[in-house]
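Structure first, commentary second.
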Protein chains: 2
Amino acid sequence: MEIGKEINSRFKSPQQKVVVNIRFTSNWMSNLQNGFMSKFDLTMPQFNILRILRGANQAINVNTVKERMIEKSPNTTRLMDKLIEKGLINRIRCEKDRRVVYVEISMKGLDVLSEIDKTFDDHSFFINKLNDDEAETLSNLLDKLRD
Amino acid sequence: MEIGKEINSRFKSPQQKVVVNIRFTSNWMSNLQNGFMSKFDLTMPQFNILRILRGANQAINVNTVKERMIEKSPNTTRLMDKLIEKGLINRIRCEKDRRVVYVEISMKGLDVLSEIDKTFDDHSFFINKLNDDEAETLSNLLDKLRD
DNA sequence: CAAATATAGTTACCGTGGTAATATTTACAA
DNA sequence: TTGTAAATATTACCACGGTAACTATATTTG
C-alpha cells in the first residue's frame with residue numbers, strides 16, 4: 001500500500017514523504033514484531049537483550065549490553081528487571097569493581113530463545129518482499145540520509 | 001555513518017540489516033525532531049496535531065484528527081489535553097450529536113505554528129542528504145517492504 | 001416503544017524511550 | 001593523602017503508543 005493513501009495527507013516533496021514513511025514503516029514493523037513476541041510473553045526490546053546475551057557467550061556488564069542496543073540508556077536496567085522477574089537472565093555483582101554489574105542469560109532464557117528460533121527470523125518473518133539488492137539499496141539510502 | 005558500526009553487531013542478511021536500520025533511522029529522526037520542537041515547548045505528536053488542525057481550516061471532530069495521524073487511537077485525546085492546557089487548541093461539543101467533540105486550532109496555536117514555520121521544514125531541516133530521486137526510491141522500497 | 005447494538009470519545013493499564021538527578025565506587029591529581 | 005573528577009548503574013519524572021474497558025449518546029430493530 002502506498003503511504004500517501006494510508007495517512008490522509010499529501011506531501012510537498014519526496015524528502016518530506018520519506019520522513020513520514022520511515023516512521024510509518026518502523027511503527028508497522030514494531031507492531032508485527034511485538035504481536036509475534038507476545039506469544040512468548042516477551043517484547044522486542046526484551047528479546048533483543050536476550051539475543052545480545054546469548055551472542056556474548058558469557059556474562060557481560062550492563063554497559064556492554066547498552067552499547068549493543070539500538071536504544072540506549074536507563075531502559076536497559078528496567079528491561080533487565082523484567083527479564084530477571086521471569087527468570088530469563090541473572091545479575092552478578094563484580095567483586096573487583098563493585099560499581100559493575102554483570103548479566104548473563106539463564107538456561108530458561110536459552111530455552112525460550114531456541115523456542116522462538118523455530119519460527120522467528122528477522123528477515124523471513126515479515127520481510128520477504130525485498131530481494132538482497134533492494135534491501136541493500138534501502139539500507140544504503142538510510143545511511144546516506146543520516147550522513 | 002554505517003549502521004553496522006553504530007550498533008556493534010553483524011547481520012546475517014541485507015534483509016535483517018534493513019529491519020534494524022529502519023528502526024534506528026526512525027529513532028534518529030525522532031530525536032532530532034523532538035530536540036527541535038522542545039524549543040517551542042512542543043513534542044512532534046503535538047506539533048502534528050496542530051498542523052492537521054491548521055490544514056483543516058475549520059473545527060473537525062476527534063475521529064477525523066485520528067485518521068490523519070500516523071499513530072491512531074486514544075493518544076489523540078491525551079495529546080489534545082496537553083494542547084488545550086497550553087491554550088493552543090479549543091474543544092467544542094457538538095450540539096446535534098452530543099457524542100461528538102470538535103477541535104480547532106486557536107489564535108495562539110496559529111502563532112506558534114507560524115513561528116515554527118520560520119525555521120522548520122520537514123525535509124530541509126535534517127533531510128538534505130538525499131536528492132529527489134533517492135528520496136523517491138527510498139519511499140518506494142519502504143512501500144514494497146510493507147506490501 | 002424497548003432492548004440490543006453501534007459509535008464517539010475517554011480513561012486505565014501496561015510497556016516503552018529520553019533527560020536528568022542520584023548513589024556508589026573508583027581513579028586521578030595537587 | 002585527600003579532595004575532586006569520572007565511571008557504573010539505578011531511579012525519578014515525563015511523554016509516548018497500544019489494547020482493552022468504560023461512559024455517554026445515538027441508531028437500529030424486534
Side-chain angles (χ1 to χ4, degrees), chain A residues 7 23-49 59-67 69-86 89-103, chain B residues 7 23-49 59-86 89 91-103:
Chain A
I7 67 164
R23 186 158 167 64
F24 185 86
T25 303
S26 175
N27 212 36
W28 176 86
M29 293 193 315
S30 291
N31 286 344
L32 274 184
Q33 290 175 326
N34 280 323
F36 179 83
M37 281 303 152
S38 66
K39 288 182 285 188
F40 301 94
D41 191 28
L42 282 179
T43 62
M44 274 304 288
Q46 291 169 7
F47 173 64
N48 282 328
I49 289 184
I60 55 179
N61 64 23
V62 175
N63 225 8
T64 309
V65 177
K66 279 185 190 174
E67 285 167 8
M69 292 175 66
I70 299 180
E71 289 90 8
K72 313 275 162 65
S73 82
N75 288 316
T76 316
T77 297
R78 288 180 292 228
L79 290 170
M80 295 191 312
D81 287 344
K82 307 260 171 71
L83 292 171
I84 287 169
E85 277 176 28
K86 296 173 191 167
I89 69 175
N90 303 316
R91 252 197 270 250
I92 309 156
R93 285 216 86 89
C94 174
E95 289 307 321
K96 292 177 191 166
D97 184 340
R98 297 183 45 71
R99 290 172 303 186
V100 176
V101 174
Y102 286 108
V103 198
Chain B
I7 68 164
R23 186 157 168 65
F24 185 86
T25 304
S26 175
N27 211 35
W28 177 86
M29 292 192 316
S30 291
N31 287 344
L32 274 185
Q33 290 175 325
N34 280 323
F36 178 84
M37 282 301 151
S38 66
K39 288 183 286 190
F40 301 94
D41 189 29
L42 281 180
T43 62
M44 274 304 289
Q46 291 168 9
F47 172 63
N48 283 329
I49 288 183
I60 56 179
N61 64 24
V62 175
N63 224 9
T64 308
V65 177
K66 280 185 188 174
E67 285 166 6
R68 299 185 185 176
M69 293 174 66
I70 299 180
E71 289 90 9
K72 312 278 162 65
S73 81
N75 288 315
T76 316
T77 297
R78 289 180 291 228
L79 291 170
M80 294 191 310
D81 288 343
K82 307 262 173 67
L83 293 171
I84 287 169
E85 277 176 27
K86 297 172 191 167
I89 68 175
R91 252 199 270 251
I92 309 154
R93 287 215 85 89
C94 173
E95 289 307 322
K96 291 178 193 166
D97 184 339
R98 295 182 45 72
R99 291 172 304 184
V100 176
V101 174
Y102 286 109
V103 197

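Each chain gets a letter, A, B and so on, in the order its sequence line appears, and its residues count up from 1.
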### Query
Please walk me through it: do A:Leu79 and A:Gln46 pass side-chain contact (heavy atoms from CB on, under 4.5 Å)?
CA-CA 6 Å; A:Leu79 290 170; A:Gln46 291 169 7; 4.0 Å; yes

### Whole-Å gap separating P (C:dG9) and CD1 (B:Ile60)
10 Å

### Message
Tell me whether the side-chain N or O atoms of A:Arg99 pair up with the base of D:dA7 as donor and acceptor below 3.5 Å, since no angle test is needed here.
### Response
yes

### Query
NA contact type, A:Asn34, heavy-atom cut-off 4.0 Å: base, sugar-phosphate, or nothing?
nothing

### Task
Check whether any side-chain heavy atom of A:Ser30 sits under 4.5 Å from a side-chain heavy atom of A:Met44, and report yes or no.
no

### Selected nucleotide, minimal atom distance to B:Leu79 side chain, candidates D:dC16, D:dG18, C:dT26
D:dC16

### Query
Within the structure, does a side-chain N or O atom of B:Asn27 lie under 4.0 Å from either OP1 or OP2 of C:dG17?
no

### Protein-nucleotide distance (B:Asn31, atom CG; C:dG18, atom C1'), rounded to Å
8 Å

### Task
Verify whether one side chain among B:Thr64 and B:Asn61 offers a donor that lies under 3.5 Å from an acceptor in the other.
yes

### Task
Return yes if some donor-acceptor pair links the side-chain N/O of A:Lys86 with the main-chain N/O of A:Asp41 below 3.5 Å, else return no.
yes

### Query
D:dC14 P sits how many Å from B:Lys82 NZ, rounded?
11 Å

#### Entry: Residue of the set B:Thr76, B:Asp81, B:Asn75 for which side chain to side chain donor-acceptor pair (under 3.5 Å) holds with B:Arg78
B:Asn75

#### Entry: Minimum-distance nucleotide (side-chain atoms of A:Pro74 versus D:dC13, C:dT19, C:dT11)
C:dT19

### Message
Is A:Lys96 close enough to C:dT26 that one of its side-chain N or O atoms is under 4.0 Å from OP1 or OP2 there?
### Response
no

### Task
Take atom CZ of A:Phe24 and atom C1' of D:dG17, then tell me their distance rounded to the nearest Å.
14 Å

### Task
May I ask you to evaluate whether A:Asn75 reaches the phosphate of C:dG17, defined as a side-chain N or O under 4.0 Å from OP1 or OP2?
yes

#### Entry: Shortest side-chain distance from A:Val100, nucleotide among D:dT8, C:dT10, C:dG17
D:dT8

### Query
Nearest of C:dG9, C:dG17, D:dT10 to any side-chain atom of B:Asn63?
C:dG9

### Task
Ignoring backbone atoms, establish whether B:Thr76 has a side-chain N or O less than 4.0 Å from OP1 or OP2 of C:dG9.
no

### Query
Is the phosphate of D:dT10, meaning OP1 or OP2, less than 4.0 Å from a side-chain N or O of A:Arg91?
yes

### Task
Find the distance A:Asp81:CG to C:dC14:P and express it as a whole number of Å.
16 Å

### Donor-acceptor contact present, side-chain A:Arg98 to main-chain A:Arg93, <3.5 Å
no

### d(CG, B:Leu42; P, C:dG18) in whole Å
20 Å

### Query
Has A:Lys66 got a side-chain N or O lying under 4.0 Å from the OP1 or OP2 atom of D:dA9?
no

### Query
Between A:Gln46 and C:dG15, is there a side-chain N or O to OP1/OP2 distance below 4.0 Å?
no

### Query
What about A:Arg98, does its side chain sit under 3.5 Å from the base of C:dT25 through a donor-acceptor pair?
no

### Check: B:Arg23 side chain, C:dG17 base, donor-acceptor under 3.5 Å
no

### Task
Whole angstrom is fine here: how far is it from OH in A:Tyr102 over to P in C:dT25?
16 Å

### Message
Please confirm whether the shortest side-chain N or O distance from B:Thr43 to OP1 or OP2 of D:dC16 is below 4.0 Å.
### Response
yes

### Message
How many whole angstroms separate atom CE of A:Met29 from atom P of D:dG17?
### Response
17 Å

